[in-house]
Amino acid sequence: MLKRFLTIGTLLTLGLSSAQQLEFVTTSLAPTFNDFFEPLVARFERANAGVKLKWTDLPQNAIQQKILAGIAAGNPPDAVQLNSSQILELAQQGALLPLNDLLDAATLRNYQKTALDAFTYEGKVYGLPDYASTRIVAFNGDILRKAGLDPNNPPKTIPGIIEWARTIKDKTGVYGFAPLIANVDFLKAFQEAGLPIFDAARKKAVFNSPAHVALLQQYVELRKKDYFPEDVMRRGFTAAYELYTAGKLGIIIIGPQFMPRLEKDNNAVWKATVVAPHPIGPGQVVQASTFAYAVPKGVRDPKRSAQLAAWLTNDDNQLAFSKRTGTTFPTTVKAANDPFFRSGGSSVNDLARLAAAKTMRYGRDLTVPVPNAAALNKAFKDNIEAAIFGQKSAKAALDEIVKFWNANL
Amino acid sequence: MNARLLRTLAIAYGFMLPMLALKAVYTFWPILFGTYLAFTEYNIISPPRWVGLRNFEELFGLGAFAGRGPDRDFWYGLTNSVKYVLVVPVIQILSIGLAMLVNRQLPAISLFRTAYYVPVVTSFAVVGLMWNWMYNQYGPVNFILTRLGLMNPDNPTNLLANPHLALYAVMFVTIWKGLGYYMVLYLAGLQSIDKSLEEAAVIDGAGRWQVFWNITLPGLRPTILVCSLLSTISAIKVFEEIFVMTSGGPAGSTYTAMYFVYAQAFQDFRYGYAAAAGLVIAAVSLIFGVINFRLTRGGSSS
């Protein structure tokens, strides 16, 4: 008799708990931010009695497969934190639920429109932005002084930075800068320079105008004269960071979140570092990588899952997370205006955050969503590399990409 | 069939059962399912949808895709994979040489045997990281090349960033990593050759080279077949070293057929199309396998 009661009791609790368990997944935040997420989970469970919240953290390159497998198996997590291109790719596959149908308009209005735009595909919102991080410019003061440049008066434009980079290489032999143009990042360079990617209807790629060609040509010539390390074409920011940490790079475009890491990696370079906001070019935008929570197809209770995503990204939680990281920014209208982001100490790490805050209102996730992404991105990457390494002219490279894109868009 | 034979068979299969079960789940089933996928459209979320030969038409530029032509990324990748077969003769010659060197009864020779085998058991993630550093602009490889006068010392360039040389630079790593594996196989082959044959040849007045050419090499023929078959198949299927070292760049110069399969499946979620490309690669591997059999006369050591 007792046994039967126990069995029924166990079954009941199991049934209840499985019906009341929600799960959310983050990208590469454990164990660094365990001290943020564990109390967050506890807060949610206190506010929602009887509901258990499970937190899972996955590495960035495994997350999409896990989500797809979860959908196929019928047990996807309720909310998943992904970056802009990952969300748009999954949305194109029909793997995510549009959130407009699940949340009221007032909830969506809490977020900055520009942040929300990065997760909107064909008029539907597929992700609630959670945090953003933008870039700053860091200068190695020692190298600048050797090149006869004044660290306290840094250039305010990208052409100005390129000019300094030339001077540094000419005077000291050390590379001046390492542009972030690997892979498809030149698409971001175009946008920052105010050059369009698509026509107004977003139907045709248009990035082979004389102005686009001139911008690419500028980098082709810089590479030809060895004004930037060829390694950045292959390894992007990683190569730039390695050189800067080793004291072999004068200027680096970097996220403020790397400053505490630099402090540990090479304290001498960190001490010599001077920071400035990223220049705002004619495009009036600067790349800001943004993460958001999406709701996969096939969740048990879509409304409930969407509400979880909204709760995870509400004003208080975004503000608390950005205060914890010290280097990222909230994406809700209210939290982004918190005075915390305009005040701070005088250490390089604090100054880096303040420099980033100055340009945050220009921050956009400049990822360009395209169908057939693997083929289109490959055509872009191959041709840009062919131009940079002198295998074809800048014009021929851009013409070929645009032709291929327009045939496959 | 008599009862005794039946009993022997039952016992034999009984012993093989655990391994066969594993093989069935992790090898035979994936092969069958993959073959089936090649004729479907599948993105994991929705069940596979039968599309007949459409994936192959897209690869070869036939039928509905006649206007667009063959998938240029795939064929370009396959060309690079076939180029990669260049690794096969080089690695065979080097590992036979190495096996003969470490086949001598010298003190501490097992130390050398182990040393040459270490790269084989090292994961590609580590090997890729290490060789990335070796090939660095101011790294050890360029140091040697500039000292030898093969590269301009004022402006050394990373071999992996050179569209003309990157594929060969990656091939070198494949050879470096695979050498020990084939060395061990050849070592076993060498030790299975009857010593008395070599001694008889020496007594008959044969020189070192004649012994090698007429006794050792024919004796190794079965091993050569196995080794070149294995290395041809892995050359056609080359992926890991590309993935960790160049991601197919620069300017697509190290893009291989398997990299295409990876990109289709895991970047574009086109598992059906990726499976079709995989089948074509398997067919190409088979053709090269047949060529191997022909060249080594079926591996008979007579």
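Chain letters run A, B, ... following the sequence lines, proteins first, then strands; residues in each count from 1. Since we're looking at a predicted model, the values are computed, not measured.
Comparing B:S46, B:P163, B:G248, B:A251 by how many heavy-atom pairs each has under 4.5 Å with chain A, the most go to B:A251. Note on A:K297, A:Q65, A:R235, A:M233: by heavy-atom pairs under 4.5 Å with chain B, the leading option is A:Q65. Counting heavy-atom pairs closer than 4.5 Å to chain B, the top residue among A:K381, A:Q391, A:K378 is A:K378.
Remark: A:K392 engages A:N383, A:E400 in a side-chain hydrogen bond (donor to acceptor under 3.5 Å, both in side chains) (not counting sequence neighbours).
The aromatic rings of A:F190 and A:F186 sit perpendicular, their planes meeting at an angle over 60°, well past the 30° parallel limit. Ring geometry for B:Y42 versus B:F33: interplanar angle over 60°, hence perpendicular rather than tilted (30 to 60°). Aromatic ring orientation, B:F56 versus B:F39: tilted (interplanar angle from 30° to 60°).
Looking at B:T157, both its backbone and its side chain come within 4.5 Å of chain A, counting heavy atoms on both sides. The contact between B:R72 and chain A is made entirely by side chain atoms (from C-beta outward), counting heavy-atom distances below 4.5 Å. With a threshold of 4.5 angstrom between heavy atoms, B:F260 does not approach chain A through any atom at all.
The side-chain tip of A:R223 does not point at the ring of A:F389 from less than 6.0 angstrom away and within 45° of straight on.
Residues of residues 81-95 of chain A lying within less than 4.5 angstrom of chain B, judged on heavy atoms, are A:E89, A:L90, A:Q93, A:G94, A:A95 in numerical order.
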Show, in sequence, the C-alpha distance, side-chain angles and deciding distance for B:F243 and B:Y262, and conclude whether the ring pair (Phe, Tyr, Trp, His ring centres under 6.0 Å) test is met. CA-CA 10 Å; B:F243 183 71; B:Y262 163 80; 5.2 Å; yes
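Residues B:Y135 and B:N142 form no side-chain contact, since every pair of their non-hydrogen atoms from C-beta on lies 4.5 Å or further apart. Residues B:V88 and B:F288 have side chains not in contact (no heavy-atom distance under 4.5 Å, counting atoms from C-beta outward).
Atom CZ of B:F124 is surrounded by more than 12 heavy atoms from other residues, nucleotides or ligands within 6.0 Å.
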